[in-house]
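Counting starts at 1 for both ligands and their atoms, following the listed order. Keep in mind the model is a prediction, meaning the values are calculated, not measured.
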Amino acid sequence: MSKPYTYLFGPVPSRRLGRSLGVDLIPFKTCTMNCTYCQLGETPCEVSERGNYVPMPDVLAELERWKQADGRADHITLAGSGEPTLHSAFGEVLRWVKDHADCPSVLLTNGTLLYLPEVRAAAALADKVKVTLSAWDETSFQQIHRPAEGVTFERLLEGERAFRQEYSGELSIEVFIIEGVNSDLSCIRKIAALIELINPDRIDLNTAVRPPADSGVRAMTPEALEILAREFGPKARVTASFKTLEIQSLEITPETLLGLIQRHPATAIQLARDFNVQVESTVQSLEGLVSEGQLFSEERDGETYYFHRA
Ligand code: SF4
């Protein structure tokens with residue numbers, strides 16, 4: 001195994017982004033929210049203060065090492081195991097991509113800190129930004145996202161609206177739909193009306209296709225999501241990954257598996273489908289990492305999920 005990365009993971013195949021190299025700037029599950037649907041489990045470190053959570057020179061050095069060793073990706077994405085805008089220097093990664101990479105950058109953020117002008121200025125360095133809007137008022141926001149103290153629905157909306165006005169890149173809004181919580185037509189229409197005011201370029205509908213933090217969270221069916229997507233107009237797409245990606249097979253090394261599972265617990269079938277490789281060989285690699293003590297497996301809803309021991 002070559003020297004593993006601490007802050008980079010992937011490239012991970014993505015329906016929308018192709019081969020996406022992930023950059024993770026935040027310690028595991030450090031976030032401004034504790035969403036009921038989070039696939040990383042409960043948030044043990046709910047914070048809203050920004051800081052230098054990991055050393056930025058080390059992150060940039062890993063990006064340089066990756067560029068020298070391989071440097072092939074369709075996108076470089078700030079994402080991972082927490083909220084990237086909590087890092088007070090996240091804009092430096094986006095600046096590095098502009099200056100040194102041949103592919104666009106993407107910022108996946110929950111949007112809660114965009115009410116701060118300095119966060120909006122740094123986020124605007126990304127070529128594509130995806131934010132979240134799955135609630136329609138403070139009560140539904142608290143119920144779905146269980147935010148840190150001081151993180152409010154009003155600030156989320158204010159930040160997303162202000163960002164759209166200042167940002168000329170591609171802005172997507174993800175709506176995460178939970179059956180029985182925000183799936184009624186009346187709730188969906190309220191969310192759609194708020195999104196119309198923000199005026200993003202795309203609207204992505206997602207649901208709990210992986211084990212959520214709160215086991216009571218229920219996924220929508222693909223058919224039900226398609227019906228709800230119509231309420232958001234022509235910019236809306238169902239992005240929940242129910243289907244196999246139409247991609248070439250990607251190499252699935254032990255480092256790739258570890259880096260990915262640390263951020264996204266998954267089944268062997270999901271991984272084999274995402275990377276377009278054989279299930280049997282994926283199971284073999286995963287079980288090898290289980291016997292080395294790096295991963296563990298657990299039954300969830302009748303399926304075997306692999307989790308990182310870290
Ligand atoms: S889903 Fe995203 S925003 Fe919500 S708790 Fe998980 S990491 Fe944080």
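When hydrogens are left out, the protein atom nearest atom 4 (Fe) of ligand 1 is C35 SG, 2.3 Å; that is the closest non-hydrogen contact. Nearest protein heavy-atom neighbour of atom 6 (Fe) of ligand 1: C38 SG, 2.4 Å.
Among the atoms of C31, no N, O or S atom falls under 2.8 Å of atom 6 (Fe) of ligand 1.
A donor-acceptor contact shorter than 3.5 Å links the side chain of T36 to the backbone of I144. K67 places no side-chain N or O within donor-acceptor distance of the main-chain N or O of A101, the cut-off being under 3.5 Å.
Residue contacts with ligand 1: K29 is included, with a non-hydrogen atom under 4.0 Å away. At least one heavy atom of M33 lies less than 4.0 angstrom from ligand 1.
Checking N199 against K235 by side-chain atom types alone, a donor-acceptor pair falls below 3.5 Å.
The 12-atom threshold is exceeded at CD of E298, counting heavy atoms of other residues, nucleotides or ligands nearer than 6.0 Å.
Of the protein's heavy atoms, none falls inside 4.0 Å of atom 2 (Fe) of ligand 1.
Taking both residues in full, the closest heavy atoms of H87 and N52 are given as CE1-OD1, 3.4 Å, listed atom of the first, atom of the second, then distance.
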